[in-house]
Amino acid sequence: MIRVNVFVEGQTEETFVRELLYDYFQSKNIYLNPILVKTSSTGKGGVVSYAKIKPQLNRKCLEDRKAIVTTMFDLYALPNDFPGNSSLLKTSDPFQKAEYLEQEMGRDIDHKNFIPNLLVHEFEGLLYSNPEIFSEWFGESVVSTLQAERNAFPSPEHINDNPLTAPSKRISNCCNGYDKPLHGSLLAIDIGLDAIRHQCQHFNQWLLRLENIIL
């Protein structure tokens, strides 16, 4: 069985890997192990500084060269010291931006068993794959708003036209009482992996890379 260590930046993403991705990949003889990044000796969660994340990625890559190390970090609000941030060209294509930053992170980590990955733009973007699911948690009244926001963009991964309207902020503004650790992974589970993969091109490409690992 191939082991894949998935570094995540929050408990929601950790649960998402355990509850939605784990069984799917286990059926393909791939074992996913989510790891919550450490921000200090006692704190966990959040990519607040790449300098604090890099040693964790390097260490895990060296621990077992037969295991894969990958990431599930938000493209939105990456720290200033993230590889490629200072040389990133302005582009309206979020996939080009993510791919460039992933490439630079891969070059910086520089281990053959490392697969860099960023969520475009953030975890909540995946939840726009099926706005109808929100009705079960927040009532039918929120669906039309969320669906209109989804329809205004080519895909859920494009929803982030400026920092004030990132997917998480849109959902919080629309869904009274939305709490990411409580609702985020549950909504994703209800939406289902197939629907998310169908709607979210960049996310799907990451899963395809993991599915086709050859050690």
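Within the model, atoms CD1 of I196 and NE2 of H198 stand 12.5 Å from one another, a figure rounded to the nearest 0.5 Å. Note that CG of N33 is 12.5 Å distant from OG1 of T70, once rounded to the nearest 0.5 Å. Rounding to the nearest 0.5 Å gives a distance of 15.5 Å between OG1 of T145 and CZ of R150. With values rounded to the nearest 0.5 angstrom, S168 atom OG is found 9.0 Å from N173 atom CG. The CG atom of N117 sits 10.5 Å away from the CG atom of L75 when rounded to the nearest 0.5 Å. Note that the CG atom of N113 and the CD1 atom of I68 stand 5.5 Å from one another [nearest 0.5 Å].
Within the 4.5 Å cutoff, no side-chain heavy atoms of F7 are placed close to those of E13. With contacts defined as side-chain heavy-atom distances shorter than 4.5 Å, the pair C200/S129 qualifies. Residues I30 and L32 have side chains in contact (heavy-atom distance under 4.5 Å, counting atoms from C-beta outward). Taking the side chain as every heavy atom from C-beta outward, I109 and N58 approach each other to under 4.5 Å. For the pair L146/C174, a side-chain contact is recorded, criterion being any heavy-atom separation below 4.5 Å from C-beta on. At a threshold of 4.5 Å between non-hydrogen side-chain atoms, the residues L57 and V69 count as touching. At least one side-chain heavy atom of L193 sits under 4.5 Å from a side-chain heavy atom of L207. No side-chain heavy atom of H121 sits under 4.5 Å from any side-chain heavy atom of D74.
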Could you give me the CA-CA distance, side-chain angles and deciding distance for L101 and L78, then say whether side-chain contact (heavy atoms from CB on, under 4.5 Å) is met? CA-CA 10 Å; L101 292 171; L78 284 174; 3.8 Å; yes

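For N85 and N80, the side-chain atoms include no donor-acceptor pair closer than 3.5 Å. A side-chain donor-acceptor contact under 3.5 Å links Q96 and T91.
Between F134 and H183, the gap from one ring centroid to the other reaches at least 6.0 Å. The aromatic ring centroids of Y128 and F153 lie 6.0 Å or more from each other.
Pairs passing the salt bridge (charged side-chain N to carboxylate O under 4.0 Å, His left out) check and including a residue from residues 76-102, sequence neighbours excluded, do not occur. Every pair passing ring-ring contact (aromatic ring centres under 6.0 Å, His included) that includes a residue from residues 93-113 is listed here, sequence neighbours excluded: F95-H158. Pairs engaging residues 133-144 under the side-chain hydrogen bond (donor to acceptor under 3.5 Å, both in side chains) rule: W137-D190 [sequence neighbours left out]. Applying the ring-ring contact (aromatic ring centres under 6.0 Å, His included) definition to pairs two or more places apart or across chains, those involving residues 60-86 are Y50-F82. Every pair passing salt bridge (charged side-chain N to carboxylate O under 4.0 Å, His left out) that includes a residue from residues 164-174 is listed here, sequence neighbours excluded: E149-R170, D161-R170.
In the hydrophobic cluster analysis, where Ile, Leu, Val, Met, Phe, Trp and Tyr join through side-chain heavy atoms closer than 4.5 angstrom, F16 is grouped apart from L182. Both V142 and L126 are part of a single hydrophobic cluster, where members link through side-chain heavy atoms under 4.5 Å apart. Taken together through direct or relayed side-chain contacts under 4.5 Å among Ile, Leu, Val, Met, Phe, Trp and Tyr, I53 and L88 form part of one hydrophobic cluster. Transitive grouping of hydrophobic side chains (ILVMFWY, heavy atoms separated by less than 4.5 Å) brings M1 and Y22 into a common cluster. By the criterion of side-chain heavy atoms lying less than 4.5 angstrom apart, applied directly or through intervening Ile, Leu, Val, Met, Phe, Trp or Tyr residues, M105 is not grouped with L62; the two fall into different hydrophobic clusters.
Closest approach of L187 to F138, counting heavy atoms only: CD1-CE1, 4.4 Å. Between G125 and P167, the shortest heavy-atom contact is N-CB, 3.6 Å. Residue T71 comes nearest to W206 through the heavy atom pair O-CZ2, 3.8 Å, listed as atom of the first residue, atom of the second, then distance. Of all heavy-atom pairs spanning Q56 and K52, the tightest one is NE2-O, 2.7 Å. Closest heavy-atom contact between V120 and A98: CG2-CB, 3.6 Å.
For CD of E104, the number of neighbouring non-hydrogen atoms (other residues, nucleotides, ligands) closer than 6.0 Å is greater than 12.
Residues meeting the ring pair (Phe, Tyr, Trp, His ring centres under 6.0 Å) test with F114, sequence neighbours left out: none. With sequence neighbours excluded, the residues satisfying side-chain hydrogen bond (donor to acceptor under 3.5 Å, both in side chains) with Y24 are R197, E211. Considering only residues two or more places apart in sequence or on other chains, N151 meets the side chain to side chain contact (heavy atoms under 4.5 Å, CB included) condition with Q147. A search for salt bridge (Lys or Arg N to Asp or Glu O under 4.0 Å) contacts involving R18 returns E14, not counting sequence neighbours. K54 pairs by the salt bridge (Lys or Arg N to Asp or Glu O under 4.0 Å) definition with D108, not counting sequence neighbours. Listed by chain and number, the residues in a salt bridge (Lys or Arg N to Asp or Glu O under 4.0 Å) with E122 amount to none (sequence neighbours excluded). Residues passing the side chain to side chain contact (heavy atoms under 4.5 Å, CB included) test with N130, sequence neighbours excluded: E132, I133, I191.
Within the 3.5 Å criterion, the main-chain N or O of G184 finds no donor-acceptor partner in the side chain of E124. Between the side chain of S185 and the backbone N or O of T12, no donor-acceptor pair lies under 3.5 Å.
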